[in-house]
Participant: 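The structure's right below; bear with me while I get my questions together.
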Amino acid sequence: EVQLVESGGGLVQAGGSLRLSCVASGFSFDDVTIGWFRQAPGKEREEFSCISSIDNNTYYADSVKGRFTISADIAENTVYLQMNSLRPEDTAVYYCASRTVYYCSPYGLRPSDYDYWGQGTQVTVSS
């Protein structure tokens with residue numbers, strides 16, 4: 001059974017940091033793409049970061065570039081998202097998702113491009 005489990009969300013003050021984890025099971029981590037999406041109340045779910053495990057190709061949306069860093073530990077089947085300099089507008093439910101096609105688009109992918117999803121973890125940034 002394929003599973004993705006996010007953790008690491010929480011409440012943090014503006015300017016603070018959080019590290020999210022996405023642990024995958026039930027499939028090989030050698031040649032997948034893992035995307036991070038977020039969804040704020042009343043807004044669409046959008047991809048803001050992506051990593052392709054086979055070549056470590058990455059994508060960052062302009063809104064997080066320079067503040068967030070995505071990385072993958074293939075041995076641990078885990079993708080990490082280090083989030084620094086958090087802003088109130090980063091408040092959302094954060095999801096990781098996987099797809100077997102190893103490709104991160106320079107424009108971001110759609111939710112329908114991904115096959116499996118985690119349950120989400122809440123990130124709240126207070127001002």
Side-chain angles (χ1 to χ4, degrees):
E1 180 188 4
V2 174
Q3 267 197 321
L4 297 171
V5 179
E6 305 98 334
S7 63
L11 173 64
V12 65
Q13 287 189 328
S17 299
L18 285 174
R19 189 195 197 200
L20 304 185
S21 299
C22 172
V23 180
S25 61
F27 62 92
S28 170
F29 215 62
D30 293 342
D31 55 356
V32 297
T33 296
I34 301 292
W36 279 100
F37 287 74
R38 62 187 182 183
Q39 187 168 22
K43 295 190 176 181
E44 293 186 354
R45 190 174 298 190
E46 60 176 1
E47 185 182 56
F48 63 89
S49 189
C50 170
I51 187 166
S52 170
S53 65
I54 198 168
D55 58 4
N56 273 329
N57 184 37
T58 58
Y59 159 77
Y60 296 98
D62 288 343
S63 58
V64 306
K65 201 173 292 183
R67 300 188 297 124
F68 292 9
T69 303
I70 191 170
S71 61
D73 186 333
I74 294 178
E76 297 293 326
N77 266 30
T78 302
V79 169
Y80 299 100
L81 184 72
Q82 179 66 44
M83 305 188 297
N84 299 327
S85 302
L86 283 161
R87 305 166 180 167
E89 53 264 40
D90 293 318
T91 296
V93 178
Y94 283 64
Y95 300 90
C96 65
S98 70
R99 65 199 294 253
T100 54
V101 177
Y102 45 90
Y103 170 71
C104 283
S105 168
Y107 307 104
L109 294 167
R110 302 162 299 182
S112 59
D113 291 320
Y114 285 84
D115 304 312
Y116 299 101
W117 291 83
Q119 81 289 352
T121 185
Q122 176 70 46
V123 172
T124 303
V125 185
S126 63
S127 56

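Quick note: numbers below take in every heavy atom, side chains included, and nothing from hydrogens, waters or symmetry partners.
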Participant: Grab the two heavy atoms, one from Asn84 and one from Ser17, that are nearest each other, plus how far apart they are.
Facilitator: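 Scanning both residues, the minimum pair turns out to be OD1-OG, 2.9 Å.
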Participant: Check the side chains of Arg38 and Tyr94 for a donor-acceptor pair under 3.5 angstrom, ignoring hydrogens and angles.
Facilitator: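 Result is yes, a qualifying pair exists.
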Participant: Taking all non-hydrogen atoms of both residues, which atom of Ala14 and which atom of Ser127 are closest, and how far apart?
Facilitator: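 For Ala14 and Ser127, the tightest heavy-atom pair comes out as CB-CA, 4.4 Å.
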Participant: Identify whether Val93 and Val64 are in the same connected component of the hydrophobic contact network (ILVMFWY, side-chain heavy atoms under 4.5 Å).
Facilitator: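 Different hydrophobic clusters.
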Participant: Measure the SG-CG distance between Cys50 and Asp113 for me, rounded to the nearest 0.5 Å.
Facilitator: 10.0 Å
Participant: Examine Leu20 and Val79 and state if one hydrophobic cluster contains both, with Ile, Leu, Val, Met, Phe, Trp and Tyr joined whenever side-chain heavy atoms are less than 4.5 Å apart.
Facilitator: yes
Participant: Can you find a pair of side-chain heavy atoms, one from Arg99 and one from Leu109, that are under 4.5 Å apart?
Facilitator: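 Touching, per the 4.5 Å side-chain cut-off.
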Participant: Test of understanding: clusters of I, L, V, M, F, W, Y form through side-chain heavy atoms closer than 4.5 Å, transitively. Do Ile74 and Val2 belong to the same one?
Facilitator: yes
Participant: Is any side-chain heavy atom of Thr91 less than 4.5 Å from a side-chain heavy atom of Gln122?
Facilitator: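 Answer yes - side chains close enough.
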Participant: Tell me if a side-chain donor or acceptor on Asn77 pairs with a main-chain N or O of Ser25 at a distance below 3.5 Å.
Facilitator: no
Participant: State yes or no: do Tyr95 and Val32 share one hydrophobic cluster built from I, L, V, M, F, W and Y residues joined by side-chain heavy-atom distances below 4.5 Å, directly or via other members?
Facilitator: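 Hydrophobic grouping puts Tyr95 apart from Val32.
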Participant: Judged by atom type as modelled, is there a donor-acceptor pair below 3.5 Å linking the side chain of Tyr60 to the main-chain atoms of Ile70?
Facilitator: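 Side chain of Tyr60 to backbone of Ile70: a pair is present.
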Participant: Without swapping roles, check the side chain of Thr33 against the backbone of Tyr103 for a donor-acceptor pair under 3.5 Å.
Facilitator: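 The answer is yes, because a donor-acceptor pair under 3.5 Å joins these two groups.
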Participant: Does Leu81 share a hydrophobic cluster with Val12, counting links as ILVMFWY side-chain heavy atoms below 4.5 Å and allowing steps through other members?
Facilitator: yes
Participant: Is the distance between the ring centroids of Trp117 and Phe37 under 6.0 Å?
Facilitator: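 Yes.
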Participant: State whether Asp90 and Arg87 are salt-bridged, where the test is any N-O pair (Lys NZ or Arg NE/NH1/NH2 against Asp/Glu carboxylate O) under 4.0 Å.
Facilitator: no
Participant: If you look at every heavy atom in Cys96 and Ile34, which pair is closest and at what distance?
Facilitator: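 Answer, listing the atom of Cys96 first, then Ile34: CB-CG2, 4.4 Å.
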Participant: Should we count OH of Tyr116 as having more than 12 external heavy atoms under 6.0 Å?
Facilitator: no
Participant: What pair of heavy atoms forms the shortest contact from Leu4 to Ala24, and how long is it?
Facilitator: CD2-CB, 3.5 Å
Participant: Answer yes or no: is there a donor N or O on one side and an acceptor on the other, between the side chain of Gln119 and the main chain of Glu6, under 3.5 Å?
Facilitator: yes
Participant: Indicate yes or no: at least one non-hydrogen side-chain atom of Val123 is less than 4.5 angstrom from one of Met83.
Facilitator: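 A side-chain contact exists here, since the closest heavy-atom pair is under 4.5 Å.
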Participant: Tell me, do Ser7 and Thr121 make a side-chain contact under 4.5 Å, heavy atoms counted?
Facilitator: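 The answer is no; the side chains never approach within 4.5 Å.
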Participant: Heavy-atom distance under 4.5 Å between the side chains of Tyr80 and Thr69, does that happen here?
Facilitator: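 Of all side-chain heavy-atom pairs linking Thr69 with Tyr80, none is under 4.5 Å.
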Participant: What distance separates Arg110 CZ from Ser105 OG, expressed to the nearest 0.5 Å?
Facilitator: 9.5 Å
Participant: What residue among Phe48, Trp36, Tyr59 forms ring-ring contact (aromatic ring centres under 6.0 Å, His included) with Phe68?
Facilitator: Phe48
